[in-house]
Amino acid sequence: MLAHPDPPSPRAWWKSAIIYQIYPTSFFDSNGDGIGDLNGIHAKLDYLKDLGVDVVWLSPIYCSPLADMGYDISDYRNIDPRYGTLEDWDNLLQGAHQRGMKLMLGHRFSSFTPVNHTSDEDNPKRDWYIWRPGKQVDGKRLPPNNWKSVFQGSAWDYDENTKEYYLHLYVSKQPDLNWDNPDVRDAVWDVMRFWINRGCDGFRMDVINIISKVEGLPDALVVDTSQYYQSASMHFANGPRVHEYIKQMHAEVLSKYDLITVGETPFTHDASQLAAYVLPQNKELNMVFNFELMDLDSPDYSPLVRKAWTLAEFKDVIRRWQQFKRDEGYWNTVFIENHDHARSVSRFGNDSNEWRAISAKMLCILEVTLTGTLYIYQGQELGLRNFPRSWGLEEYKDVASQNYYNLVRVQRQKAEGREDVDMSDLLDHFQQKARDHARTPMQWDSSPNGGFTTGEPWMRVNDDYANWNAAAQLQDPDSVYAFWKHAIEVRRQHDVLVYGSFELKLPEHQQVFAYTRVLGDSEAIVVMNFGVNEAEIDPARLGDLDACRSILRNYGASRDDGGRRLNLRGYEGRVYLKQVFSPGCAQN
Ligand code: GLC
Ligand code: CA
């Protein structure tokens with residue numbers, strides 16, 4: 001008998017749950033205005049249930065000026081009319097619950113967008129934001145410090161009325177809330193209770209690690225000498241009081257309900273900093289999204305620029321997080337896509353027509369065989385890919401893309417002393433890395449606009465919808481969708497895939513990613529070829545494959561099973577299961 005009859009971290013429904021992230025604007029439009037909406041999501045609940053989804057997570061649907069696609073919230077307790085009404089939300093919740101699914105809300109508590117920006121001195125809510133006087137340098141007024149907005153330019157905006165600046169770490173319409181003010185925190189707890197009382201089952205908390213800033217708001221270190229404003233995450237990410245505030249959130253709200261909670265924690269690759277949010281004895285959140293893997297293929301200075309990555313790095317990041325503080329109960333999130341990143345098949349698989357489906361299925365094998373709560377992003381289950389290079393800048397709707405493009409263009413214009421500078425290299429990068437690729441409308445069928453809307457879609461649908469869509473894949477037993485559905489079922493049947501320990505095999509292999517997972521008396525062996533060329537490996541180095549059966553594979557059975565060499569075809573992935581007490585089970 002092996003040593004661990006039970007996982008060190010106790011089982012919980014939200015650990016084995018399959019979460020599906022919906023980007024409402026691009027999911028399904030029920031009324032022909034070109035924008036996805038709540039009734040549209042309602043109409044697709046059976047689709048989600050059929051896939052095997054347990055929890056539906058909605059990106060923000062609250063009233064918003066849409067400066068950052070709804071992550072700029074102007075009414076925490078109401079639905080933006082574009083998406084519907086509170087009643088539609090109630091119906092959606094009911095529809096999900098009737099099907100045995102839960103509903104989790106994306107919320108952003110780090111900033112708030114007041115409708116009337118009445119910033120006068122004696123506004124009682126003035127101290128809900130972060131105000132500072134500017135500084136005078138050589139007779140010129142400058143913002144209070146050199147912090148750069150994540151979306152470029154200064155992180156401060158000047159208010160003529162009161163002659164002070166307010167802080168916005170993202171767009172101007174997202175003034176940061178002053179969490180040091182206890183009234184702000186109370187208001188946030190109230191908002192949470194409002195949605196919990198309405199029946200919501202949990203929260204995805206946007207950039208929750210930036211709610212406490214370093215005392216005195218000191219200048220950021222100058223790293224980028226090409227501009228005045230500097231990235232300041234060292235002064236606002238995981239700040240001095242953040243854990244105090246989240247512990248308070250837990251005590252006041254979260255501890256009273258059986259919720260699923262996940263924090264978005266960007267700017268942080270240091271695992272020990274993230275542990276504090278997650279370790280159960282700290283009583284903060286169930287889990288967080290760490291972005292080390294997602295940041296692998298870009299340089300530090302911009303997530304929109306592509307950097308080459310190696311499988312060695314990819315394996316190393318995954319291995320470290322899979323093993324991280326497992327004995328202390330650290331719990332991972334497993335995800336490779338969301339609304340802030342390009343499509344995974346285009347980044348980590350191979351989105352050519354030849355390899356697209358098979359590599360999307362291999363990435364699915366990766367996802368369903370890792371420990372942590374599994375998150376699928378809309379369209380990932382279809383193997384949706386980035387839109388093509390032939391699309392121009394006007395198709396990139398995201399403020400992050402537009403602002404970065406403008407910044408670089410102006411820099412080049414200055415440097416080259418002329419207007420018409422060559423920007424094609426940046427568009428090459430955007431084609432690989434922009435967030436826009438995740439935000440194209442869902443491809444439901446082969447009708448115009450992929451069946452997403454009967455009107456004009458707010459964003460262009462990817463060109464391949466006529467033959468790459470949900471309707472076609474639902475009918476094809478070999479489709480990426482069918483594979484995901486089956487793979488989810490396999491994960492559900494084998495707790496070892498959710499809770500087991502992780503050990504890397506063949507660490508030196510340049511093209512093959514292999515590992516084992518062990519829980520109690522069951523052991524799973526996972527092997528994947530991250531390349532188009534065949535890869536040959538010695539099966540003995542993976543374990544005793546003769547005592548295993550195959551439980552998941554993206555190619556049909558192959559000739560060499562049980563042989564002395566294992567030949568993996570391009571992007572082939574396999575999962576074997578060994579049962580100590582039922583040895584010698586047949587191969588298939
Ligand atoms: C979060 C959201 C992202 C948004 C950003 C700023 O990171 O996931 O979509 O742009 O916050 O609002
Ligand atoms: Ca609509």
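Below, all heavy atoms of this structure are taken into account, side chains as well, without hydrogens, waters or symmetry copies. Keep in mind it's a predicted model, so treat the numbers as computed, not measured.
- In this structure, Glu508 pairs ionically with Arg541, as a charged nitrogen and a carboxylate oxygen lie closer than 4.0 Å.
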Subject >> Step-by-step side-chain hydrogen bond (donor to acceptor under 3.5 Å, both in side chains) determination, Asp463 to Trp391 >> reply: CA-CA 10 Å; Asp463 300 342; Trp391 290 20; 3.1 Å; yes
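- Taking 4.0 Å as the cut-off between side-chain N and carboxylate O, Arg517 and Glu503 do not count as a salt-bridged pair.
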**OP:** Give the intermediate values and the outcome of salt bridge (Lys or Arg N to Asp or Glu O under 4.0 Å) for residues Lys485 and Glu381.
**Re:** CA-CA 8 Å; Lys485 181 175 167 164; Glu381 78 281 16; over 6 Å; no
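- Remark: the Asn209 side chain and the Thr265 side chain contain no N/O donor-acceptor pair separated by less than 3.5 Å.
- Of all heavy-atom pairs spanning Pro24 and Ser59, the tightest one is CG-O, 3.5 Å.
- One finds the CZ atom of Arg553 at 6.5 Å from the CD atom of Glu572 (value rounded to the nearest 0.5 Å).
- Figure legend: cation-pi geometry between Arg108 and Tyr71 absent, as NZ or CZ is not positioned both under 6.0 Å from the six-membered ring centre and within 45° of its axis.
- The line from OG of Ser359 to CD of Glu354 is 10.5 Å long, rounded to the nearest 0.5 Å.
- For the residue pair Cys548 and Tyr576, the shortest heavy atom distance occurs at CB-CB, 3.8 Å.
- Side-chain contact between Tyr20 and Leu51 is present, with at least one heavy-atom pair separated by less than 4.5 Å.
- Aromatic ring centres of Phe348 and Phe314 lie closer together than 6.0 Å.
- No side-chain donor-acceptor contact under 3.5 Å links Glu367 to the backbone of Ile365.
- Leu568 is listed as a side-chain neighbour of Val527, based on a closest heavy-atom distance under 4.5 Å.
- Of all the heavy atoms in Met287 and Asn332, the pair that sits closest is SD-O, 4.2 Å.
- Among all heavy-atom pairs drawn from Val345 and Gly383, the shortest one is CG1-O, 4.0 Å.
- Atoms CG and OG, on Leu374 and Ser16 in that order, are 11.0 Å from each other to the nearest 0.5 Å.
- By the 4.5 Å heavy-atom criterion applied to side chains, Val262 and Met205 are not counted as neighbours.
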Original post:
Run the salt bridge (Lys or Arg N to Asp or Glu O under 4.0 Å) check on Asp351 and Arg343 step by step: do they pass?
Top reply: CA-CA 9 Å; Asp351 68 3; Arg343 291 293 183 175; over 6 Å; no
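- Crowding of Glu536 atom CD: a count of heavy atoms from other residues, nucleotides or ligands under 6.0 Å exceeding 12.
- Atom-to-atom distance recorded for His429:NE2 and Ser401:OG is 13.5 Å, nearest 0.5 angstrom.
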Original post:
So Thr440 and Asn462, side-chain hydrogen bond (donor to acceptor under 3.5 Å, both in side chains) or not? Walk me through it.
Top reply: CA-CA 7 Å; Thr440 57; Asn462 204 346; 5.3 Å; no
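- Results of the ring pair (Phe, Tyr, Trp, His ring centres under 6.0 Å) test with Phe291 over Phe335, Trp321, Phe267 single out Phe335 as the only residue that passes.
- Lys578 and Asp544 are not joined by a salt bridge, as no carboxylate oxygen comes within less than 4.0 angstrom of a charged side-chain nitrogen.
- His97 approaches Asp201 most closely through the heavy-atom pair NE2-OD2, 2.8 Å.
- Within a 6.0 Å radius of CG in Asp300, no more than 12 heavy atoms belonging to other residues, nucleotides or ligands are found.
- Between atom CG of residue Leu45 and atom CG of residue Asp50 there is a gap of 12.5 Å, rounded to the nearest 0.5 Å.
- Residues Trp484 and Tyr481 place their aromatic rings such that the two centres sit no closer than 6.0 Å.
- The shortest side-chain heavy-atom distance between Thr371 and Val498 does not fall under the 4.5 Å cut-off.
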Original post:
Please walk me through it: do Asn469 and Leu382 pass side-chain contact (heavy atoms from CB on, under 4.5 Å)?
Top reply: CA-CA 7 Å; Asn469 59 62; Leu382 303 175; 5.9 Å; no
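- The environment of NZ in Lys283 is sparse: at most 12 heavy-atom neighbours from other residues, nucleotides or ligands sit within 6.0 Å.
- The existence of a salt bridge linking Arg306 and Asp297 is excluded, since no basic side-chain nitrogen approaches an acidic carboxylate oxygen closer than 4.0 Å.
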Subject >> Stepwise side-chain contact (heavy atoms from CB on, under 4.5 Å) check, Val575 with Ile525 >> reply: CA-CA 6 Å; Val575 185; Ile525 301 173; over 6 Å; no
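- Inter-residue side-chain proximity for Arg204 and Leu105 is flagged as unmet; no heavy-atom pair is nearer than 4.5 Å.
- In this structure, the side chains of Asp54 and Lys102 stay at 4.5 Å or more apart for every pair of heavy atoms.
- Cation-pi geometry between Lys505 and Tyr515 is not satisfied (NZ or CZ under 6.0 Å from the ring centre, within 45° of the ring normal).
- In this structure, Tyr377 has its ring center no closer than 6.0 Å to that of Tyr375.
- Under the 3.5 Å distance criterion, the side-chain polar atoms of Tyr555 are matched with a main-chain donor or acceptor of Gly570.
- A side-chain N or O of His269 and one of Asp295 form a donor-acceptor pair less than 3.5 Å apart.
- Taking the six-membered ring where the residue is Trp, the centroids of Trp57 and Phe289 are separated by under 6.0 Å.
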Subject >> Candidate pair Lys315 and Ile318, rule side-chain contact (heavy atoms from CB on, under 4.5 Å), full reasoning >> reply: CA-CA 5 Å; Lys315 294 203 266 195; Ile318 292 180; over 6 Å; no
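- Checking Asn238 against Thr268 by side-chain atom types alone, a donor-acceptor pair falls below 3.5 Å.
- Ion pair Arg99/Asp46 flagged as a salt bridge, since at least one NZ, NE, NH1 or NH2 atom sits closer than 4.0 Å to an Asp/Glu carboxylate oxygen.
- Side-chain contact between Leu296 and Glu313 is present, with at least one heavy-atom pair separated by less than 4.5 Å.
- Residues Asp436 and Met459 are in side-chain contact: their nearest non-hydrogen atoms beyond the backbone lie under 4.5 Å apart.
- Summarising the geometry, atom OH belonging to Tyr330 is positioned 10.5 Å from atom OG belonging to Ser272; distances are rounded to the nearest 0.5 Å.
- Contact between Asn353 and Arg385 at its shortest, heavy atoms only, is OD1-NH1, 3.0 Å.
- In this pair, Tyr396 and Phe430 present their aromatic rings tilted. The plane angle is within the 30 to 60° band.
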Original post:
Please walk me through it: do Gln21 and Met104 pass side-chain contact (heavy atoms from CB on, under 4.5 Å)?
Top reply: CA-CA 9 Å; Gln21 183 190 355; Met104 168 166 130; over 6 Å; no
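- Side-chain contact, Gln511 with Asn529: a donor N or O sits under 3.5 Å from an acceptor N or O.
- For Arg356 and Trp468, the positive end sits near the middle of the six-membered ring, less than 6.0 Å away and at most 45° from its axis.
- Between Glu534 and Arg569 no salt bridge is recorded (no basic side-chain N to carboxylate O distance below 4.0 Å).
- Ring pair Trp331/Tyr499: centre-to-centre distance below 6.0 Å.
- Using bins of under 30°, 30° to 60° and over 60° for the plane-to-plane angle, the ring pair Trp444/Tyr47 lands in the perpendicular bin.
- Counted by atom type alone, Ser344 and Glu337 present one or more donor-acceptor pairs between their side chains at under 3.5 Å.
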